[in-house]
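Below you'll find the structure, written out as structure tokens, and then a few comments.
Throughout, protein chains are lettered first and strands after them, A, B, ... in sequence-line order, and every chain is numbered starting at 1. Atoms considered below: every heavy atom in the structure, side chains included; atoms not considered: hydrogens, waters and symmetry mates. This is a predicted model, so every value here is computed, not measured.
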Amino acid sequence: MSKGLPKRSEDYSLWYNELVKRADLAENSAVRGCMVIKPYGYSIWEKMQAQLDKMFKETGHSNAYFPLFIPKSFLSKEASHVEGFAKECAVVTHYRLKNSDDGKSVIVDPDAKLEEELIVRPTSETVIWSTYKNWIQSYRDLPLLVNQWANVVRWEMRTRLFLRTTEFLWQEGHTAHATRQEAIDETVQMLNVYATFAETFMALPVVKGVKSANERFAGAEDTYCIEAMMQDGKALQAGTSHFLGQNFAKAFDVKFATKEGGLEHVWGTSWGVSTRLMGALIMAHSDDNGLVLPPKLAPIQVVIVPIYKTDEEFDKIANKANEITKKLLTKGVSVHFDKRDTHKPGWKFAEYELKGVPLRIAMGPRDLENNTIEVARRDTLSKETVDLAQIQIEDYVTEMLDKIQETIYQKAFDFRKEMTTEVNTWDEFLDKIESKGGFLSAHWDGTSETEEKIKELTKATIRCIPLDQNEEQGNCILTGNPSSGRVLFARAY
RNA sequence: CGGGGUGUAGCGUAGCCCGGUAUCGCGCCACAUUUGGGAUGUGGAGGUCGUAGGUUCGAAUCCUGCCACCCCGACCA
């Protein structure tokens, strides 16, 4: 393990790349654009999955699994959907290999061409709606509330670990409803689930909003999103929830018999979050010493590091550490006692800081003598010596973990507030987007042309039209045309 | 796919202009002393210099093709 991470202030993206690798989260793989998620990184993802899955079940959804491959013809059934994804699809054309004539390599067998090519799913609306056609006949079959955990492939030009990879892991919810309003309610409900998850578990404040037409999901009538602010002032879309209208129902002819005896197309939604959340988590909280993980998602919440010279000392410390571990386990705290004698305490301190373990307890001869421990917080890097006679260790630790969770959130919240600027003139817009970055709250005339033009000139896009937008008469930042409310602009990942 | 760059030990690099079988740091192994913020010393292991060909007595170094990766642009969760 080499020392010293690059500094965020010097090279933010280098800092990010190095951190991801050195903290053992993920690395590049033999396959271009695809990553290997390492055990430590994957265990954070598993914690996210477990919590989200619980929240999906609590809102009445069930998991299912649909195939990786989609017949090519399915994709083209919904016009804007195919347009949105066609350029980034991996295509399976053959089903067999054979030895080359010189016997030295393996080649695609030209005789094994598929009659209809298969695409590797970039998202599953089409296979799922083709299936829903068979599942839905009557209003009694509705609503249909399904989620799947899966991998998808989008052939991207430029990739970055977690933020944009060719293959990524995600969940995609796909629901069908009898009425427009019910589908919209579902869309908003899942957006709220995502927002709650981000804020409560990831300690990541998010703005809930609606996408402009330019940024809308291919095939959706409306795309809702949660947008987060990273430490370099760039925005990151952390989750999306789409109101599909009857688009896919019409494309795949999914109709249901109403109570009144009519026959109508069903209303759909889809919503997803991906391993991109890992990127958000890293970029929102971490510092120049390494990861900073919110306790609710940290694979190890507390690490105990012994400091000792003799075996005898170690045994005493180990006894005490085991005592503490047992007490913490009764409160469901995940503890790791690092008894390796192959590394020195100072090395371990740096290592656990790099990996973002929220709380570190160190115990040495002095502590044995005084019945104390040294407690260090990862988020503030502060240390204090605690007298074990004065506290209940399990209560002390759980309270401390809650405090850390809260502090991390508050810090990110304050940062986002600081990085959200109201701008009222085009000059101000140009100045702020260059000098400060962050969210720029500005009036917009509501047209795609204006949005395009602004993107062209500044690389900033409309991240969303906030759901809590205030009615406010104003003039478009670029064109001066009338506008009835502010939207959020930012440069984005 | 355009423009630029880089491939030398597990990782990061020097050497390349000016040809003579490869430098340094981290890591790894052994032993000793160490252990309250990334220990120190001594000894050791590890390399078809991305790949194929060419020039040459001799190529990491010069020439050509190919491959991979990185950065910058157009596309995107």
To the nearest Å, give me how far apart [atom1] ([X]) and [atom2] ([N]) are.
{"X": "A/Lys355", "N": "B/rG38", "atom1": "NZ", "atom2": "C1'", "value": "15 Å"}
{"X": "A/Asp338", "N": "B/rG36", "atom1": "CG", "atom2": "P", "value": "14 Å"}
{"X": "A/Asp341", "N": "B/rA39", "atom1": "CG", "atom2": "P", "value": "15 Å"}
{"X": "A/Arg160", "N": "B/rC71", "atom1": "CZ", "atom2": "P", "value": "8 Å"}
{"X": "A/Lys87", "N": "B/rC1", "atom1": "NZ", "atom2": "C1'", "value": "14 Å"}
{"X": "A/Lys309", "N": "B/rA39", "atom1": "NZ", "atom2": "C1'", "value": "13 Å"}
{"X": "A/Glu125", "N": "B/rA77", "atom1": "CD", "atom2": "P", "value": "12 Å"}
{"X": "A/Asp11", "N": "B/rC71", "atom1": "CG", "atom2": "C1'", "value": "11 Å"}

Consider the side chain of [X], meaning its heavy atoms from C-beta on, and name the nucleotide among [options] that approaches it most closely.
{"X": "A/Asn17", "options": "B/rU35, B/rC71, B/rA77", "value": "B/rC71"}
{"X": "A/Arg32", "options": "B/rA77, B/rG37, B/rC69", "value": "B/rC69"}
{"X": "A/Arg366", "options": "B/rA77, B/rG36, B/rC75", "value": "B/rG36"}
{"X": "A/Ala350", "options": "B/rC69, B/rG38, B/rA77", "value": "B/rG38"}
{"X": "A/Lys383", "options": "B/rG37, B/rU35, B/rC76", "value": "B/rG37"}
{"X": "A/Glu351", "options": "B/rG38, B/rA77, B/rG37", "value": "B/rG38"}
{"X": "A/Glu88", "options": "B/rG73, B/rG36, B/rC76", "value": "B/rC76"}
{"X": "A/Trp347", "options": "B/rC75, B/rG38, B/rG37", "value": "B/rG38"}
{"X": "A/Lys455", "options": "B/rC69, B/rC75, B/rG36", "value": "B/rC75"}
{"X": "A/Lys344", "options": "B/rA77, B/rA39, B/rG37", "value": "B/rA39"}

Roughly how far apart, to the nearest Å, are [N] and [M] at atom [atom1]?
{"N": "B/rC69", "M": "B/rG12", "atom1": "P", "result": "15 Å"}
{"N": "B/rC18", "M": "B/rC26", "atom1": "P", "result": "34 Å"}
{"N": "B/rG58", "M": "B/rU13", "atom1": "P", "result": "33 Å"}
{"N": "B/rG15", "M": "B/rA9", "atom1": "P", "result": "15 Å"}
{"N": "B/rA59", "M": "B/rU51", "atom1": "C1'", "result": "15 Å"}
{"N": "B/rG20", "M": "B/rA74", "atom1": "P", "result": "45 Å"}
{"N": "B/rU42", "M": "B/rA22", "atom1": "P", "result": "24 Å"}
{"N": "B/rC57", "M": "B/rG19", "atom1": "P", "result": "15 Å"}

Relative to the ring of A/Trp15, is the ring of A/Tyr12 parallel (under 30°), tilted (30 to 60°) or perpendicular (over 60°)? tilted
By the 4.0 Å heavy-atom rule, please label [X] as base, sugar-phosphate, or nothing.
{"X": "A/Asp367", "value": "base"}
{"X": "A/Gln237", "value": "sugar-phosphate"}
{"X": "A/Thr372", "value": "nothing"}
{"X": "A/Phe168", "value": "base"}
{"X": "A/Thr240", "value": "nothing"}
{"X": "A/Leu163", "value": "base"}

Ionic contact status for [Y] with [X], cut-off 4.0 Å:
{"X": "A/Arg463", "Y": "A/Glu215", "answer": "yes"}
{"X": "A/Lys57", "Y": "A/Asp53", "answer": "yes"}
{"X": "A/Lys7", "Y": "A/Asp288", "answer": "no"}
{"X": "A/Asp287", "Y": "A/Arg378", "answer": "yes"}

Would you say A/Ile373 and A/Ile324 make side-chain contact, with heavy atoms under 4.5 Å? yes
Would you mind reporting whether A/Lys403 and A/Arg377 have side-chain heavy atoms less than 4.5 Å apart? yes
Which residues pass the side chain to side chain contact (heavy atoms under 4.5 Å, CB included) test with A/Gln171, sequence neighbours left out? A/Phe56, A/Asn147, A/Trp149, A/Tyr194, A/Trp271, A/Val273
Residue pair A/Thr159/A/Ile373 against RNA chain B: nearer the 5' end by closest nucleotide is A/Ile373
The residue, A/Thr275 or A/Arg360, whose nearest nucleotide of RNA chain B is more 5′ is A/Arg360
Closer than 4.0 Å, any side-chain N/O of A/Lys348 to the OP1 or OP2 of B/rU35? no
Given Watson-Crick or G-U pairs with both distances under 3.5 Å, what dot-bracket string fits RNA chain B, with | for other-strand pairs and [ ] for crossing? (((((((..(((.......[...))).((((((.....)))))).....(((((..]....))))))))))))....
So, A/Trp170 versus A/Phe168, ring centres under 6.0 angstrom or not? yes
Have a look at B/rU48 and give me syn or anti from its glycosidic angle (syn if within 90° of zero). anti
List the steps, then state whether ring pair (Phe, Tyr, Trp, His ring centres under 6.0 Å) holds for A/Phe217 with A/Phe85. CA-CA 10 Å; A/Phe217 174 74; A/Phe85 287 106; 5.8 Å; yes
